[in-house]
Amino acid sequence: MPELPEVETVLRTLEHQIQKQKIIDIDIRWDRIVQGDNDEFKQTLIGQEFVDFKRRGKYLLFIMNDCILVSHLRMEGKYFYVDKDTPVDKHTHVIFKLSNNLELRYNDTRKFGRMEILPKDTDLDTFKNLGYEPWDERLTSAYCKSVLRKRTGPIKGALLDQSFIAGIGNIYADEICFKMGVDPRKACKKITKKNCEDLIIATREILQRAIECGGTTIRSYTSSLGITGLFQLEVYVHGKKDEVCPVCGTPIKKIRVATRGTYFCPNCQKR
DNA sequence: ACACTGACCTGCGAGC
DNA sequence: TGCTCGCAGGTCAGTG
């Protein structure tokens with residue numbers, strides 16, 4: 001399940017593999033992956049080179065000569081970089097044929113991922129109504145407090161809201177709440193200034209560490225060529241129902257918060 | 001204006 | 001053992 005660290009890892013890998021490669025043809029095998037008109041998508045991209053590689057939240061941004069190719073992996077999207085003679089997997093939905101006889105293949109078991117073309121002058125700061133990147137200097141405790149004061153619902157819901165901070169998904173939201181020592185159900189309105197300071201520190205530390213680890217892979221993927229997290233990040237609570245809290249030994253609980261499966265330590269995390 | 005719900009998908013694990 | 005059923009997840013459109 002790619003979140004910000006996984007997307008960053010994929011991007012860095014692809015940057016080193018396909019930079020300056022030219023797209024000579026595109027095979028779209030599941031048309032809903034591509035937003036908008038498929039022929040237009042092909043026409044726009046054929047002949048373009050992969051010039052630069054950026055990320056915004058969980059979106060991959062391939063900067064081409066005359067446009068931006070935006071790709072969101074959702075839950076299980078992956079890219080394979082393989083020889084054109086490699087048998088095509090049944091979950092491969094888009095194939096970019098490159099000038100060096102290799103292919104960039106988009107593989108997505110659940111067909112949830114999406115890609116689209118955006119103009120080259122798209123404002124990436126306000127793109128998709130995304131909030132600040134975790135390391136943006138504008139992400140201050142004063143900013144967090146002012147947003148959370150106006151918000152109803154639990155803190156976990158805010159962490160998952162991409163217009164608040166970009167890039168946090170369900171796994172890291174649980175880990176951030178644990179590191180903050182805050183119950184994921186705690187109302188946004190009751191989040192203190194101190195909580196906000198902890199939130200920023202926890203978010204940056206956890207995501208930074210995850211990037212250094214090459215992302216987290218929770219499910220075991222079967223692919224050997226897949227560009228996914230190769231290392232396991234030390235996850236404290238997510239997916240650890242009934243296991244003991246690494247800090248205090250209390251069994252981890254699983255509940256539902258903001259419509260998501262949520263794991264937390266009922267002793268360490270306070271309302 | 002805000003928040004919640006359902007749709008999009010497939011694989012897997014639980015339960016019978 | 002073999003089947004069905006429901007859950008998992010991020011985003012967006014639709015609804016309340």
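Since this is a predicted model, take the numbers as computed values, not measurements. Letters A, B, ... mirror the listed sequences (proteins, then strands); counts begin at 1.
C:dG10 atom P lies 13 Å from atom CG of A:D161, rounded to whole Å. Atom CG of A:D108 is separated from atom P of B:dT10 by 10 Å (rounded to the nearest Å). Spacing between atom CZ of A:F112 and atom P of C:dC7 amounts to 15 Å, rounded to whole angstrom units. Here the P atom of nucleotide C:dC7 and the CZ atom of A:R256 are 7 Å apart, to the nearest Å. If you take CD of A:Q35 and C1' of C:dT11, they are 10 Å apart, rounded to a whole angstrom. Regarding A:H91, its NE2 atom lies at a distance of 8 Å from the C1' atom of B:dG11, rounded to whole Å. Rounded to a whole Å, the OH atom of A:Y106 is 12 Å from the P atom of B:dC9. In this structure, A:L130 places its CG atom 11 Å from C1' of C:dT11, rounding to the nearest Å.
A donor atom on one side chain and an acceptor atom on the other are not found under 3.5 Å apart for A:N38 and A:D31. With no hydrogens or angles considered, no side-chain donor-acceptor pair links A:N65 and A:K120 at under 3.5 Å. No side-chain donor from either of A:D83 and A:T86 sits under 3.5 Å from a side-chain acceptor of the other.
For C:dT11, one of the phosphate oxygens OP1 or OP2 lies less than 4.0 angstrom from a side-chain nitrogen or oxygen of A:H72. Residue A:R32 has a polar side-chain atom (N or O) positioned under 4.0 Å from OP1 or OP2 of B:dC9. Listed pair A:K111 / B:dT10 meets the phosphate criterion, a side-chain N or O lying under 4.0 Å from OP1 or OP2. Phosphate proximity of B:dA1 to A:K150: absent, as no side-chain N or O sits under 4.0 Å from OP1 or OP2. Between B:dA3 and A:T152, a contact under 4.0 Å exists linking OP1 or OP2 to a side-chain N or O. For the OP1/OP2 pair of C:dG10 and a distance below 4.0 Å, the side-chain nitrogens and oxygens of A:Q162 include no atom meeting the criterion.
Salt-bridge formation is not detected for the pair A:E175/A:R209: no Lys NZ or Arg NE/NH1/NH2 atom is positioned less than 4.0 Å from an Asp or Glu carboxylate oxygen.
Here B:dT5 is the nucleotide among B:dA3, C:dG10, B:dT5 with the atom lying nearest to any side-chain atom of A:T259. Picking from C:dG10, B:dT10, C:dC12 the nucleotide with the shortest atom distance to the side chain of A:E3 gives C:dG10. Among the nucleotides C:dA8, B:dC8, B:dA3, the one closest to the side chain of A:K254 is C:dA8.
Counting any heavy atom pair closer than 4.0 Å across all strands shown, A:G153 reaches no nucleic acid atom. The residue A:R260 sits close to a base: some heavy atom pair falls under 4.0 Å.
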Next item on the list: Step by step, work out the side-chain hydrogen bond (donor to acceptor under 3.5 Å, both in side chains) result for A:S71 and A:Y79.
Entry: CA-CA 10 Å; A:S71 172; A:Y79 281 99; 2.7 Å; yes
